[in-house]
Amino acid sequence: MNEEQQILFMQIRLIRMTSEKLGITLKQTAEMFDKFKVLPFIRDCWGIFHVEGDNAVYEEIREYLLSKGAAL
């Protein structure tokens, strides 16, 4: 699997994880990720994120969303 595929799979896993942890639909999660540019954030931080577990990356995303003004 190449790096682009790995990034895509991480983005998908984190959309699903965020949806489950926040108790919102996948559509709502995708809209929030779009509004706050989370997918580019994941791509930009790939160098660090790919060596961390999904739970640690989720916490980084949660902090990122809160810093952007998302109501979680």
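Please read these numbers as outputs of a predicted model, since none were measured by experiment.
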Practice item. Show your working on side-chain contact (heavy atoms from CB on, under 4.5 Å) between Val38 and Met32 and close with a plain yes or no. Key: CA-CA 8 Å; Val38 176; Met32 178 175 55; 5.9 Å; no
Check your understanding: Between atom CG of Asn55 and atom CD of Glu60, what is the distance when rounded to the nearest 0.5 Å?
Key -> 12.5 Å
Exercise for review: To the nearest 0.5 angstrom, please state how far the CZ atom of Phe9 sits from the CG atom of Leu14.
Suggested key: 13.5 Å
Check your understanding: Does a sphere of radius 6.0 Å around CZ in Arg13 hold more than 12 heavy atoms from other residues, nucleotides or ligands, not counting ones at 6.0 Å or beyond?
Key -> yes
Point to revise | Aromatic ring proximity, centroids under 6.0 angstrom, Tyr64 and Tyr58 | key: no
Practice item. May I ask you to decide whether Lys68 forms a salt bridge with Glu63, counting only side-chain N to carboxylate O separations under 4.0 Å? Key: no
Review point. Could you give the distance from CD (Glu59) to CG (Asp54), rounded to the nearest 0.5 Å?
Key: 12.0 Å
Check your understanding: So, Gln6 side chain and Met1 main chain: donor-acceptor pair closer than 3.5 Å or not?
Key -> yes
Check your understanding: Atom CZ in Phe33, atom CZ in Phe41: separation rounded to 0.5 Å?
Key -> 10.0 Å
Review point. Do Ile61 and Val51 belong to the same hydrophobic cluster, where Ile, Leu, Val, Met, Phe, Trp and Tyr are linked whenever their side-chain heavy atoms lie under 4.5 Å apart, directly or via other members?
Key: no
Check your understanding: Are the side chain of Thr29 and the backbone of Thr18 linked by a donor-acceptor contact shorter than 3.5 Å?
Key -> no
Practice item. To the nearest 0.5 Å, tell me how far Leu8 CG sits from Glu3 CD. Key: 12.5 Å
Review point. Do other residues, nucleotides or ligands put more than 12 heavy atoms under 6.0 Å from Ile48 CD1?
Key: no
